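Indexing begins at 1, ligand by ligand and atom by atom, following the structure's order. Just so you know, these numbers come straight off a predicted model, no measurement behind them.
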Amino acid sequence: MKTKKSNKLYKKSIELMPGGVNSPVRAFKAVGGNPIFISKAKGSKIYDVDGNKYIDYVLSWGPLILGHAYPSVVKALKKAIEKGTSYGAPTKLEVELAELVKKAFPSIEKLRMVNSGTEATMSAIRVARGFTKRSKVVKFEGCYHGHVDGLLVSAGSGGATFGIPDSLGVPTSYVSETIVLPFNDTEIFKNTIKEHWKDIACVILEPVVGNMGCILPKEEFLKALREETEKYEIVLIFDEVMTGFRVSFGGAQSYYGITPDLTCLGKVIGGGLPVGAYGGKKEIMKMVAPEGGVYQAGTLSGNPLAMTAGIETLKILKKTSTYKKLEEIMSNLEEGLKDASKKAGVKVKFYRAGTMFCTYFTDTEVIDAKTAKTSDTEKFKKFFWGMLDKGIYIAPSQFEAGFISLSHSKRDIEKTIVAAYKTFKEL
Ligand SMILES: *Cc1c(COP(=O)(O)O)cnc(C)c1O
């Protein structure tokens, strides 16, 4: 694998940007070595500046569910760009995307577009606090909700990767408003609510946790969250920034049949451009300015290019044949990877929800942050580099989910399974 040009760029970038990157996990710290610099991508493939080609299972960390530079998305974007890139005024495109999102997520009666997942969760929490006139937030260990101050406690993703429990620069007074509980533990949750409900504005979670790999919720756990929050008039927020359109067309809430009060979206709904959204019950969303007293705004929110990419993406996802095909691709990969690890004699636990997945190097059932950490990260490191060397690009951290796209061909999956078998053998 040639890395000369990537290394040269890295040398420069590290002088210009912290860690040489604009988002921490990109720096490959969890796997050691230097990051590769990408020059282009098409379909299921990503290409680096040294001319190496990889089958991509990162897909920009989830958004590109159709694959890179999907023809109809590119075509629509080319047309849109001629009409100007931003107006700061309402457009038909925003109405169209909002309608598409609402159709997929019936729990969303009204929504607001923002520019990132972080903005969505930050705003949803503000609305929940404004609505309930309470201040505390319940979150779960290992769930990542973007880099919102009060949520950077036991926050998975970059946090889990670096083993940093918190971030510097977050006042302890903010964090004191956050209650962190173990994921999937119904009893602890119930007891906590019973004791503190008077102060609790909202409960926020990733209904399938994608920021410490891929952890499935126990159904009784989700049910208890819904029942208890309803009983004590606490706002239940599903952060479906990753799971939305990934676990199923209607996200985890549709798959598990649980209706949250508010939902946060991002990633897929922007079709690869920067978008987030939050929405839910009308009575709660009417708190948002200018209808209500909770202020939230954005210069580029509802950006016409981002809306266009989102619309084109959701239009294709709306067809039932799309999810049938995605399911076929994903189950082929699942079977192949499980098989390869078994044949190679490597103990792994494999989990997946719709089109997101994770392979943990452990024989402990992974149900929360504690059990996720039983994974052998040294083995993962070797696995990562072995795969990269064989032309397979997976997330450079054990605690990230993998993704497939509509553009992943049978041949891509076959190649990946062969590479995985060889790499497992090398461990
Ligand atoms: C990615 C992610 C976010 C943050 O979204 P950004 O667009 O990176 O700000 C929030 N919540 C979840 C569940 C995510 O996966």
Near [X], which atoms of ligand 1 are under 4.0 Å from a heavy atom of that residue?
X      : value
Ser116 : 7 (O), 9 (O)
Thr118 : 4 (C), 5 (O), 6 (P), 9 (O)
Gly117 : 4 (C), 5 (O), 6 (P), 7 (O), 9 (O)
Asn211 : 12 (C), 13 (C), 14 (C), 15 (O)
Met242 : 15 (O)
Tyr144 : 11 (N), 12 (C), 13 (C)
Asp239 : 10 (C), 11 (N), 12 (C), 13 (C)

* **Shortest non-hydrogen separation from Gly279 to Met285 and the atoms involved** =>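 Looking at all heavy atoms of both residues, the shortest contact is CA-SD, 3.7 Å.
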* Is the distance between the ring centroids of Trp385 and Phe28 under 6.0 Å? ->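 Yes - the distance between ring centres of Trp385 and Phe28 falls below the 6.0 Å cut-off.
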* Indicate yes or no: does an N/O atom of Val241 lie under 3.5 Å from an N/O atom of ligand 1? =>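 Between Val241 and ligand 1 (N or O atoms, distance only) the closest approach is not under 3.5 Å.
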Between [Y] and [X], is there a salt bridge with N-O shorter than 4.0 Å?
X      : Y      : value
Glu82  : Lys78  : no
Arg126 : Glu119 : no
Lys40  : Asp48  : no
Glu291 : Lys110 : yes
Glu177 : Lys136 : yes
Lys381 : Glu378 : yes

* Is ligand 1 less than 4.0 angstrom away from at least one heavy atom of Glu240? ->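 Per 4.0 Å heavy-atom rule, Glu240 does not contact ligand 1.
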* **Region of Glu206 engaging ligand 1 - heavy atom pairs below 4.0 Å** =>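 For Glu206, only side-chain atoms sit under 4.0 Å from ligand 1.
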* Nearest-neighbour protein heavy atom for atom 2 (C) of ligand 1, which is reported as residue plus atom name and distance ->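 Nearest neighbour among protein heavy atoms for atom 2 (C) of ligand 1, to 0.1 Å: Lys267 NZ, 2.6 Å.
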